[in-house]
Structure formats: C-alpha cells, structure tokens
There are 2 protein chains.
Amino acid sequence: MPTPDNGPAQGAVDLISNLRQLNGTFAAREQKVADFVSAHLEEISGMTIAELAGAVGVSTPTVVRFCRSMGCDGFREFKLRLAQNLAVSLQYLAPSHRDVSEGGAGAVDQVLGALYATVNVMRQQIVPERMDAAVQALTEAGQIVVAGVGGGSTMVAQEAANRMFRLGIPAVAVSDSYLLQMRAATLGTNDVLLLVSTSGAADEVVSAAGIAGGYGATVVAITRPGSRLAQEATIAIEADLPEDPDILKPTASRYAHLVIVDALAMSVAQARSEATTENLRRIRASLTAYHGRTGPQPLGD
Amino acid sequence: MPTPDNGPAQGAVDLISNLRQLNGTFAAREQKVADFVSAHLEEISGMTIAELAGAVGVSTPTVVRFCRSMGCDGFREFKLRLAQNLAVSLQYLAPSHRDVSEGGAGAVDQVLGALYATVNVMRQQIVPERMDAAVQALTEAGQIVVAGVGGGSTMVAQEAANRMFRLGIPAVAVSDSYLLQMRAATLGTNDVLLLVSTSGAADEVVSAAGIAGGYGATVVAITRPGSRLAQEATIAIEADLPEDPDILKPTASRYAHLVIVDALAMSVAQARSEATTENLRRIRASLTAYHGRTGPQPLGD
DNA sequence: CTGAATATGTACCTCAATTACAAAACGGGG
DNA sequence: CCCCGTTTTGTAATTGAGGTACATATTCAG
C-alpha cells in the first residue's frame, strides 16, 4: 500500500475526511479545536499555533495534542498537510454555496469538487481483503455477468464487461431486468455475477444475486454497506457515498464505482499476466527437463 | 472561478511556473538555490531554511532573498505555497514507480493517482469561453448526435447522449462508423454533433465533422489540441492528457472526458431551467400587465 | 467519597525564521 | 589602474513560533 509508507508530511491520507471521521471521539477541548478547524479550514495554514489556540479559547498544548490525535507529528505537519489537502479538494468545501451560473469553468470545478469528495470517501472505505477476494474470483471466473441499475450504474456495468472481456474472460453486461434473472440462473460454480447498485435495494439485483448464489456462483457486489444486496452477495465491496441533493448535478458515485471497476480490472489483468508468465515458465521448465539443455530456448516463449 | 478569489497565501499563482519563468534572472547564489529547489521540489516543504541553505551551500538570508524574489513574503510562505502547488500534481510526478502487485487497495490507489493527474491537467487546459460556447450551442440544439471512437470514448458518448436526452433534447449516441456519417448528413443549422476522441485523428470522426459542418450544424469536439478534429470543429474543447505507458492500466482520459461531459450537461440543465424560469417570469409579467394586479398570482408558476 | 486515570493548562526551552549590519564582489568613470 | 557607488553575500543577533515537562484539574469507577 502506497498510502502509509509514502514520505512523511506527504499528505497521503486525506486529513479532512479523517477529521470528519474522528469527530466526536476527541476530548472536550480538542473537540472545540476540531470544530474551529472544520469551520475555518482555509485560514488555519496561515495561522500560528498561538493564534489558533487563542481563537478557540484553549491552550497551545491542547492544539498540539489535537494534531497528534489527527495522526500528525505536530502543528507544523498538520498545517502543511491541511494546506495540501485543501489545494487538492478545494472545491469540495462549499459545494452548493457557490454560484454555478457563472458559466465557464465553474461547472467543471463543481463536477470536480463532487468527484474529489466522492472518490476520497470511497478510498477510505475500501477493504483491501474484499478487493483481493473479488480479484481472485474474477481472475478464475469461467464467465462473468455484469449488471447495474439506475442511470449511472448501467454505464459502469457496461464498462466492466468491456474491460473483462478484453482480458479474455467471457463477460456480458445486462441491463434488462428479466434477462438478468435468466442470465443469473445460467451461472454455476466458478462463474461470477458482478452487480453495481448505489442503493443496493432494487429488487431485481437482490433477486439476481440470490439466484446466482443459489447455483453456486460467486456474487460480487459494489454497493452501499449493509444493504440487502450487500447481505446477499458473496463478496461485498461497500462504499457509502455522499450524494449531492442538487438534482441538476450528475451523480458523482458513478466515478467512484468506475474507479473500483478499473482497479479490479487492472488487478485481474495483472494476475492473469502473471499466470501466463507462470505457465510459460512451466513449459520452459518441462522442456528443459526433457532435453536437458539450459540455454535459451527458441520455442516456448 | 474558485482559485483566484480565494484567501491570500492560497497559492493563487503557480509557483513552479513562476520559478521556470524567472530562471536566469536571479543573482548568482540565488540561482543556485533555484536550481536546487527545481531538482528537489518535493523535499523542500519538509526542510528547514538552514538545511536548505546548507544543502545548496549558501547562507540562510540568501534563501530568504530568493523567496522574496519569487514573490513570497518569506521562507514560510514559500514552503507552504510550494507544498500546495505540488499537492495538485503530486501523483503525476512518479506514476509508474509504485508497485501494483501488492494487491489490496494498491490498485485503487494507482487508478486514483492516474485519475487525479489526468483530471488536474485537464482542468488547467479548459478554456471557459469554449465551454460557454458549447453550452449555448447544446442548449439551443434541435437535436444532438454524439459519437466517440476508441474503447473509452464510446462510453463517454453514450453517457453524454443519455444526459442530454434526459434534459429533453433529442440526443443519440452513435458508435457505428457508417451510421455516424449518415447521421452527420442529416444534421442542419441549430443541430449539434458532439464528438469525443482522445487522438482526434480517426478518419471517421474527422469526416463526420466535415459533413455535419458542411450542412451548417455546430460541431463540438472534445479532443487533443491542434488535432485534425480540433481544426475541423466549430467549437473545440481541447485537452492534452498524459497517458500512462502501462497498457494494463485503464486510460484515465475517460475520466477527464466524463467530467467535461458532466459539466456541459449540468450547465445546459441550468441554462434550460433558467430559460424555463424566464418564460414563467414573462408569462407572469404579461398577466400582470393584463389585469393590473401585482400580488401573488395563483396561476403562472 | 476516594484514588486512579485522563484531560488540560502554565511555564519554560529550543530552534527556526527573520533582520540589521558589515564585508565582499562587481562595474563604471576619472 | 584606482576609486567610489552599487549590488550581492555572509555573520551575528533578535524575535517568536512550536514543542516539552510538569503541575493541576477533572472525570469516573469502585
């Protein structure tokens, strides 16, 4: 994992998400600091520790301790990482307050803001073991059926099928509900049903998951934690994503799902290429054993 | 635009570009500092002024003077702004060095790294006027035909068509080459042909652009700057995106294109809803003029 | 109600950043 | 070639920020 072992102060983990997540677990005065920081994110990096302590009404060591609680080495590092985090996800701070209608690049910034926010939240929730399990199931799959419900998810499903298919694994995307049930029923052991659903509550996917699972297929679901689909799935890749209430905005969760699909596809590609290499090695080894030569073989690779 | 009118010290000006630009105009020893900073961008923000001065072989005031020459208030501000500038394009610097095969969340981080890098580069290149022009053309379009070539682009095209269609504008996505030429030929003034192509060199899209343009349709192209397609298009939304040479990795430019499409769709949605509101206002105004009442109208909105 | 554990503040210390000033290098006339 | 003004650079001192040790207050279990 690159995140932990990156340089220090390199802002690997998203401080702001971290802050939200730890909210409530702080000691009383530290919580006051947290509140102030949340409310004045942008100003912090220009403040001295004394100014901040003064503004909050606590002593400077409390501020230092707060920084430590946040996983930083001290106030210095905290300021730096906060500044870096803000530079990347600046737009996220005031998603709805800003005036979209200013035109030009304003809309792009809005979309980017939602994208950053969603994707950062998603990253935090990824369970590596689940990913590994999903990759293994997909790598060894005889065939894969992908389905998604809701506007964005169908696109993601389509893309997932495309990518898997390119890796030489028979894969189809299904968007029709009835067809999905039928496809699900044709799956057996070693096959994978990959379902994408933000809510995880739609009857069609839940029922498809049940059917496929009943026939021994592995059901991989990208969905909301604890949803019906998550419970029904063999491997649940869960992400609870914030949705912007503004209906004009596109659902940013599409991006998060796409990232997961891309990551899965990339890992599968890698696993398969390694398997291929391993096969080649075996072929070569057996050839060597057969005619006793150890030099480079003209055939076999 | 959020970037310029943010608080102070918020890294409004790009320090790194500034550094390149001022290169050569520095006094001798300051130039040495500049060289060192250029070569060790990432480490600087973790260094003390004494360490930096020592590493370069100059005195600390020289470093301070260098910072002043760069337009900063002192070394502190310089470090901070540099860190912010770097945070935005950090991942782009060492994309392939990372080890993918570690499994787990490693793949997700890789995809995210490519995503951030691509999307930030794209954001930098967006020309607001082009976006506005595209939005206007799309808003007033009688019908829209969308097409994309290459694996990722078809998905983007599909999505664009879906979103525009939901806004009540007749829109279709075409992936078949011949069909595209035919569709292009049916377009007229007020219609829009939206083309998505990373390279902008594929004959099919260039020819389609020519045909549609010949019949008076507006051709909006999301593509590489200076490409054949960009030249042929009425409105070219240009982005020169870095592609990772690793073929196992997904093409991150899809994300950038999707963001552009989302931004366009959102702006169009807004423009249309404003048009609707404007229409309502006119109706109400005329009604008011008609029977002279100024109180709230039961009808009209 | 008491004592341990935890939370918070006071006072001090260290060291980083900055400034003031002096020395050195440079450059153009006499 | 030397002198004087300007610019560049370094030394030493100053300021103040960040961090630490320890004392005090608070909380909660028994």
Side-chain angles (χ1 to χ4, degrees), chain A residues 7-11 15 19 22-38 40-86, chain B residues 7-9 11 15 19 22-38 40-85:
Chain A
Q10 215 36 276
L15 259 197
L19 180 62
L22 288 172
N23 208 19
T25 71
F26 292 110
R29 309 308 279 271
E30 283 185 41
Q31 183 64 50
K32 287 182 70 177
V33 179
D35 292 344
F36 186 90
V37 170
S38 299
H40 303 81
L41 284 172
E42 306 201 24
E43 289 112 274
I44 303 296
S45 34
M47 282 181 160
T48 73
I49 191 171
E51 284 170 347
L52 175 56
V56 180
V58 299
S59 65
T60 53
T62 302
V63 175
V64 174
R65 281 187 283 261
F66 162 76
C67 297
R68 300 263 157 82
S69 304
M70 291 286 299
C72 295
D73 201 53
F75 187 63
R76 248 190 272 273
E77 191 193 324
F78 177 74
K79 277 204 302 191
L80 205 121
R81 284 180 52 182
L82 189 65
Q84 289 183 317
N85 275 231
L86 282 174
Chain B
L15 258 197
L19 179 62
L22 288 171
N23 209 20
T25 69
F26 292 110
R29 309 305 279 271
E30 283 185 41
Q31 183 64 50
K32 286 182 69 178
V33 180
D35 293 344
F36 185 89
V37 170
S38 300
H40 303 81
L41 283 173
E42 305 200 30
E43 287 112 277
I44 303 298
S45 34
M47 281 181 158
T48 73
I49 191 170
E51 283 170 348
L52 175 56
V56 180
V58 299
S59 65
T60 53
T62 303
V63 175
V64 173
R65 281 187 283 262
F66 161 77
C67 297
R68 300 261 158 80
S69 305
M70 291 287 297
C72 296
D73 199 55
F75 186 63
R76 254 190 266 271
E77 190 194 326
F78 177 74
K79 278 204 299 189
L80 201 111
R81 285 180 52 182
L82 189 65
Q84 289 183 314
N85 276 238

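By convention in this document, chain letters (A, B, ...) are assigned in the order of the sequence lines, proteins followed by strands, and residues within each chain are numbered from 1.
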Closer than 4.0 Å, any side-chain N/O of [X] to the OP1 or OP2 of [N]?
| X | N | value |
| --- | --- | --- |
| B/R68 | C/dA17 | no |
| B/R65 | C/dA17 | no |
| B/K79 | C/dA17 | yes |

Nearest-angstrom distance from the residue atom [atom1] of [X] to [atom2] of [N]:
| X | N | atom1 | atom2 | value |
| --- | --- | --- | --- | --- |
| A/L52 | D/dA17 | CG | C1' | 13 Å |
| B/E77 | C/dA17 | CD | P | 14 Å |
| B/L80 | C/dA17 | CG | P | 12 Å |
| A/R76 | D/dA17 | CZ | P | 11 Å |
| B/E51 | C/dC15 | CD | P | 13 Å |
| A/F66 | D/dG18 | CZ | P | 15 Å |
| A/F75 | C/dA16 | CZ | P | 18 Å |
| A/E30 | C/dT6 | CD | C1' | 11 Å |

Main-chain N/O of [Y] paired to [X] side chain as donor or acceptor, under 3.5 Å:
| X | Y | result |
| --- | --- | --- |
| B/E77 | B/D73 | yes |
| B/T62 | B/V58 | no |
| A/E30 | A/A27 | no |

Of the candidate nucleotides [options], which contains the atom at the shortest distance from the side chain of [X]?
| X | options | result |
| --- | --- | --- |
| B/I49 | D/dT11, D/dT8, C/dA17 | C/dA17 |
| A/R29 | D/dT9, C/dT8, D/dG19 | C/dT8 |
| A/T62 | D/dT8, C/dG9, D/dG19 | C/dG9 |
| B/A28 | C/dA20, D/dG18, D/dT9 | D/dT9 |
| B/S59 | C/dA17, C/dT8, D/dT11 | D/dT11 |
| A/P61 | D/dG18, C/dT10, C/dT8 | C/dT10 |

Looking at the rings of A/F75 and A/F66, which for Trp means the six-membered one, are their centres under 6.0 Å apart?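 Distance test on ring centres: not under 6.0 Å, no.
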Hey, could you give me the CE/CZ distance between A/M70 and A/R81, rounded to the nearest 0.5 Å?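 The CE atom of A/M70 sits 7.5 Å away from the CZ atom of A/R81.
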Map B/T48 and A/V58 onto DNA chain C by nearest heavy atom, then report which one ends up closer to the 5' terminus.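 Final value for this comparison: A/V58.
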What is the nucleic acid contact for B/K32, judged by heavy atoms within less than 4.0 Å: base, sugar-phosphate only, or nothing?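 The answer is nothing, as B/K32 stays clear of every strand by at least 4.0 Å.
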